[in-house]
Amino acid sequence: MHASSDRYITLSTMLEDLRRDGLLSEEEYQQGLNIRRESGEGHLHAVTLIARQNFHDARKPDKLLSEDALMAWLAQQNNMPSVIIDPLEIDVSAITDVMSYAFAERHKILAVAVNAEEVTVASAEPLVNSWVADVEHVTRRLVKRVLTSPASMERFRVEFYQLANSVNRARKDHNDASSVQNLESMLELGGARTPDANDEHIVNIVDWLLQYAFDQRASDIHLEPRRDVGHVRFRIDGVLHNVYEFPSQVGLAVIARLKSLGRMNIAEKRRPQDSRLKTKTPSGQEVELRISTLPTAFGEKMVMRIFDPQVLVRSFHELGFGSEDQRRWNRMTANNHGIIFVTGPTGSGKTTTLYTTLKQLATSEVNVSTIEDPIEMVEPAFNQMQVQPGIDLTFASGVRALLRQDPDIIMVGEVRDLETAEIAVQAALTGHLVLSTLHTNDAPSAFTRLLELGLPGYLIRSSVLGVMAQRLVRTLCPHCKKKTKVDEKLWKQLTAPWLVKTPQHVHTAVGCLECRGTGYMGRMGIYEVMPMSEVLEGLITEQTDHVKLRQAAMKEGMHSLRLSGAHKVAAGMTTIEEVLRVSPLSLARH
């Protein structure tokens, strides 16, 4: 097609069409006619100008005419598919090879997918086709056209090409260098100041990586070297996503740069190392990263845990506590002596629960001391100590030292062995409130675990105030979740052995721009709170039967993890599949 056949969208025709299709009320249509005169932003796309007015969709007054909503309508008008660009789904190096940045910028387009037969190209102009023939000629592939919002296309066009440019230049520079070792020794000499301009590309890549992780709400960044490439993966809401593949030497250089920022020993690649790094999010909020390296067959693997400073200021309600669970938990933590355990696998939110609880208990009248491995988040209201096995500072010796510090409340990071269990219980019996964690599947298993460690039954009966098991489930995105019928079989599987009334409907995950296409946004806890009672005390002996203990606890009013999850499913916060995914299978049988 020739340029003469191109027709660009104008503000006036778009407003007219929106009114004709019943999306704009007469009043908002009249307001729309004055947009450009008032704003002086004539260079902006008509869709962007209209979206900025926050007009409501006249057919669905609770919905705004956002850029995505307008593009979906425009795509329908022109019988074309519309897409929301999800950077997690895009192969950046492949799509930036399709066309130059100058060409993409000139025609206001962006390739979003490519395979052997066709290239998918996003545009915000459905009636502009002059660039199609050029792309088909150069790539020798058919063009599949899709529509996307002008703002996201502008943003990702810049981001993708900047990243690809940095990676390509870094690869070229490092291929010119005699070896990866040369590059790393150069980084070591320069530290974070990188004296050679070659390293500015690595600096750009590291900056992009961190900002992108914050933008995607990632909790962990994994950098994994392989034979020819370095994988980058983000953990978002508990699930890992592939993000990017660096050429192997660039991946190693990125790890060397991060080690340098974290003041690690860059020359040491054979031993695991740990460090911390403080940086800022795009919004200017300070964030702490915990960095850990591990030697692997193809170089060092690095994982960075991102600590959200907002975690400590969350309320129990935000963590996902129901009113009954919270009442039972508060009753347990209101005691001035005894020991309370929080159980669950790694990454189930135990530390967050303990920090939130301690934050609430840490008034000016009490001394709160913790011993952790490592210190997860630095909190001014507590006295925090880190385990250091190298100098024989273990959990057990740390608690002994803490007991001489006039504590009221002690948090022991984890009970792993009999010595720690004994000293923690002794602290509980001598008038201190002790909080700790155990790695067990459910709440009743905590008692059998303590007995397996070798702790006598009488000590458990006299010191343990209660146990709480927890898991984290992903919560549905409020912007796109959809009502659906309840699968009776799955609902019964979730709520057995209780007979719980089936809700009229549940919600399912859909996926939108807000939740990056996953259908979920954020996580919340499901809890199994088991306070100690006289009945349960009588069952805790050296021959304790886990199943009997569980059944007795349920008779006392304990709700299982799955039942706690079922309440959240019925309330439209999560899905049955999500609760079944995280709750232990063994519990379904009891």
Side-chain angles (χ1 to χ4, degrees), residues 43 45 48 83-114 119-124 131 135 138-139 148-176 183 187 192-194 196-218 221 223 229-234 241-258 260-261 279-284 287 304 513 516:
H43 65 285
H45 195 285
T48 305
V83 298
I84 291 170
I85 297 175
D86 178 5
L88 291 176
E89 298 293 321
I90 286 180
D91 182 343
V92 176
S93 54
I95 62 112
T96 49
D97 284 345
V98 167
M99 63 183 81
S100 70
Y101 176 74
F103 184 86
E105 173 67 23
R106 184 163 73 249
H107 293 288
K108 301 280 184 271
I109 57 177
L110 177 67
V112 290
V114 59
V119 53
T120 306
V121 182
S123 146
W131 50 268
V135 174
V138 172
T139 62
T148 196
S149 71
S152 68
M153 193 162 50
E154 291 289 327
R155 176 195 155 187
F156 290 122
R157 190 191 301 125
V158 172
E159 271 187 28
F160 292 163
Y161 279 93
Q162 273 181 353
L163 175 64
N165 184 41
S166 290
V167 171
N168 288 334
R169 290 197 175 183
R171 175 168 49 188
K172 180 179 176 298
D173 293 344
H174 301 317
N175 282 343
D176 293 345
L183 160 80
L187 277 171
R193 288 177 288 108
T194 54
D196 197 301
N198 291 347
D199 297 333
E200 97 183 67
H201 310 306
I202 300 298
V203 173
N204 290 341
I205 293 167
V206 169
D207 286 348
W208 166 81
L209 187 66
L210 294 176
Q211 299 306 317
Y212 186 34
F214 301 145
D215 190 43
Q216 295 289 330
R217 310 188 330 275
I221 304 169
L223 302 170
V229 293
H231 289 292
V232 179
R233 298 198 287 171
F234 289 169
H241 297 264
N242 289 320
V243 174
Y244 201 80
E245 283 185 0
F246 292 126
S248 60
Q249 67 273 37
V250 176
L252 291 172
V254 165
I255 288 173
R257 165 79 184 156
L258 284 159
S260 155
L261 289 174
T279 183
K280 284 198 161 91
T281 64
S283 59
V287 168
M304 289 183 282
L513 187 65
R516 312 288 191 269

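If you read the sequence from its start, that first residue is 1, and numbering goes on from there. Just the heavy atoms: all of them, side chains too, but no hydrogens, waters or symmetry mates, feed the values below.
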Any non-hydrogen side-chain atom of [X] less than 4.5 Å from a side-chain atom of [Y]?
X	Y	result
Trp131	Val121	yes
Ser123	His107	no
Val250	Ile202	yes
Arg171	Asn168	yes

>> Any side-chain to backbone donor/acceptor pair from Asp215 onto Gln211? Under 3.5 Å, distance only.
In response: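 Flag not set: sc Asp215 to bb Gln211 has no pair under 3.5 Å.
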In chain order, what residues pass the side-chain hydrogen bond (donor to acceptor under 3.5 Å, both in side chains) check against [X], with sequence neighbours excluded?
X	result
Asp97	none
Asp91	Ser93
Thr48	Glu67
Glu159	Arg155

>> Once rounded to the nearest 0.5 Å, what's the spacing between atom CD1 of Ile221 and atom CG of Leu258?
In response: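 So the gap between those two atoms works out to 8.0 Å.
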> Roughly how far apart are Thr96 OG1 and Leu110 CG, rounded to 0.5 Å?
Replying inline: 9.5 Å
>> Applying side chain to side chain contact (heavy atoms under 4.5 Å, CB included) to Val243 and Gln216, what does each step give before you reach the verdict?
In response: CA-CA 11 Å; Val243 174; Gln216 295 289 330; over 6 Å; no
[X]: side-chain contact (heavy atoms from CB on, under 4.5 Å) partners, not counting sequence neighbours:
X	result
Ser166	His201, Asn204, Ile205
Val138	none
Val83	Val146, Thr148

>> Can you tell me how the ring of Phe160 sits relative to the ring of Phe156, calling it parallel under 30°, perpendicular over 60° and tilted otherwise?
In response: parallel
> Taking only residues two or more places apart in sequence, or in another chain, which ones meet Glu105 in a salt bridge (charged side-chain N to carboxylate O under 4.0 Å, His left out)?
Replying inline: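 With sequence neighbours excluded, Glu105 shows a salt bridge (charged side-chain N to carboxylate O under 4.0 Å, His left out) to Lys108, Arg157, given in chain and number order.
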> With Phe214, which residues qualify under ring-ring contact (aromatic ring centres under 6.0 Å, His included), at least two apart?
Replying inline: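 Once residues adjacent in sequence are excluded, Phe214 has no partner under the ring-ring contact (aromatic ring centres under 6.0 Å, His included) criterion.
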> Quick one: ring-ring contact (aromatic ring centres under 6.0 Å, His included) partners of Phe246, sequence neighbours excluded?
Replying inline: Tyr244
> So, for Ile85 and Met153, which heavy atoms are closest and what is the spacing to 0.1 Å?
Replying inline: CD1-CA, 4.3 Å
